[in-house]
Protein chains: 2
Amino acid sequence: MSAPPGGPRRRLDEDRRRAQIITAAVEVLDEVGYGAATLTRIADCAAVSKGLIWHYFTGKDDLMTAVAESTLTTLTDGIADGLDRTAPVPDVLRSALRGAADLSRTHRKELNALYRIVHNLHGPDGTPKMTLAFYETTYQAQENLFRRGQVEGSLRDFDTRVMAVTYQGAVDMMLGYLNEHPETEPRAYADALADLLLNGIERS
Amino acid sequence: MSAPPGGPRRRLDEDRRRAQIITAAVEVLDEVGYGAATLTRIADCAAVSKGLIWHYFTGKDDLMTAVAESTLTTLTDGIADGLDRTAPVPDVLRSALRGAADLSRTHRKELNALYRIVHNLHGPDGTPKMTLAFYETTYQAQENLFRRGQVEGSLRDFDTRVMAVTYQGAVDMMLGYLNEHPETEPRAYADALADLLLNGIERS
DNA sequence: AGATTTATTGACCGTATGGTCAATAGAGGG
DNA sequence: CCCTCTATTGACCATACGGTCAATAAATCT
């Protein structure tokens, strides 16, 4: 009766297609938010049929997880570049904050998409799926950095765990704020924040 | 054919019913998250028929907004109590942090529910509905407090806007952390955080 | 007691979504 | 040149959700 299912227009390399779909997902997530980021919309944005998504991902959750992982890698790499981890700890922190602030301009969509996934992807029980283990890794990395500073004498004594959590919150808020206030200069914010945080922990 | 729609079992005062539904919504939001917080579930939890919800609210968004407002009032009142705003600024900050930390034990569900709504209630375009105006109010209140401290000489000079945003982030993270790590002593965290933040801004 | 109001119900509807699948066509191997 | 493999498609499905509404009975009014 109806037209038979058409074959492919163009065949593409597997990895490329995956990346293409993920990119489209980032775009859509950034534009309409998580709830409205329907698979139909994503497929449309990727100029691909909806059915194809299940050829590359096992479902929506799987796709979103993949997007989150991919995006997170991109972002952390973005910060890691041009960061000399062997420098004095205060300098590392300043650079890291600047790097993060820059992301708000160079990777706006990715930040937005990741933010949305993290805050929306729940397990069946309602437990957030990413947040916990997600942050725990960076907490420990930060704590190591702080402890190094304390050992080296550049930082005074303080609760490294609380500081790591606070630092993460400060960065998150900075990114959110820069996103909502495009008129704010990222570097200026980053430097002001560095002053605040370092004043609290630097050995005077 | 089918049983006719039954009348009410028990009539209840209007305000009570509203409150009852809102309470149920908080419960459900806390338990299963925003996406799974369906009106059917909320109605069940409130031991009320689904249709009744539209008698008190114009729709899901309206209900969620009402829940957010109600919850926010409860929480801010909870902090405001036992807070002497005329005290020296550093003392006010310490008290406020303790008050906030205490909420993680006394108002766990409310915090969770509010968090979920704030991060999930979008407008039709995907724009978050609450976040912006929501935070802006508290930013200004915080900035006023910081400026008072600067005028009075208890705080050094710093960017009050960046500090307000950072402070808010620190509190949010603290609440999230305390929620996910019940073994952590709220007061201890609050005090450690106060030390960190005040060290960064207090005039030494 | 009768009339009126309205809080409450359960059945119903339209829709949009995540997900399935047989059919298809292009690429590549023999 | 055929045969196999598989990336790709469009039609289809089940479902669950937000939302509507006529019917009903408890309260209230007169």
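Sequence lines set the chain letters: A, B, ... in the order given, protein chains first and strands last, and positions in each chain run from 1.
Comparing atom distances between the A:Trp54 side chain and each of C:dT8, C:dG18, D:dT20 picks out C:dG18 as nearest. Of all nucleotides listed (D:dG10, C:dT8, C:dG19), C:dG19 comes nearest to the side chain of A:Lys60. Picking from D:dG10, C:dC12, D:dA7 the nucleotide with the shortest atom distance to the side chain of A:Tyr56 gives D:dA7.
A salt bridge does not link A:Arg108 to A:Glu180: none of the charged side-chain nitrogens sits closer than 4.0 Å to a carboxylate oxygen. A:Lys50 and A:Asp44 are not joined by a salt bridge, as no carboxylate oxygen comes within less than 4.0 angstrom of a charged side-chain nitrogen.
To the nearest angstrom, P of C:dT20 lies 15 Å from CG of A:Leu52. Distance, B:Tyr34 OH to D:dC17 P: 14 Å, rounded to whole Å. Separating the CD1 atom of B:Ile42 from the C1' atom of D:dC17 is a distance of 12 Å, rounded to the nearest angstrom. For the pair A:Leu63 CG and C:dT17 P, the interatomic distance rounds to 15 Å; values are reported in whole Å. Protein atom CZ of B:Arg16 is 20 Å distant from nucleotide atom P of C:dT6, rounded to whole Å. What separates CG of B:Asp44 from C1' of D:dA16 is a distance of 14 Å, to the nearest Å. Nucleotide C:dG18 holds its C1' atom 17 Å from the NE2 atom of A:His122, rounded to whole Å. Rounded to an integer number of Å, the gap from CD1 of A:Ile21 to C1' of D:dT8 is 11 Å.
A residue-by-residue look at A:Asp61 and B:Ala47 shows that B:Ala47 has its nearest nucleotide of DNA chain C further toward the 5' end. Comparing A:Gly51 and A:Arg41, the nucleotide of DNA chain C nearest to each residue sits closer to the 5' end for A:Arg41. Comparing A:Ile53 and B:Thr58 against DNA chain D, the residue whose closest nucleotide sits nearer the 5' end is A:Ile53.
Looking at heavy-atom distances under 4.0 Å, A:Leu39 makes contact with sugar-phosphate atoms alone, never a base. Contacts of B:Thr38 with the nucleic acid, taken as non-hydrogen atoms under 4.0 Å apart, involve only primed sugar atoms and P, OP1 or OP2.
The side chain of B:Arg17 contributes an N or O atom lying less than 4.0 Å from OP1 or OP2 of C:dT8. In terms of phosphate contacts, B:His55 brings no side-chain nitrogen or oxygen within less than 4.0 Å of OP1 or OP2 of C:dT8.
Side-chain contact annotation: A:Gln140 with A:Asn144, donor-acceptor N/O pair under 3.5 Å absent.
For C:dG10, the base has no donor-acceptor partner in the side chain of B:Lys50 [N/O atoms by modelled type, under 3.5 angstrom].
Between A:Ala96 and A:Tyr167, the shortest heavy-atom contact is CB-OH, 3.8 Å.
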Worked check of salt bridge (Lys or Arg N to Asp or Glu O under 4.0 Å) between B:Asp191 and B:Arg98: CA-CA 7 Å; B:Asp191 290 343; B:Arg98 286 193 164 196; 2.9 Å; yes

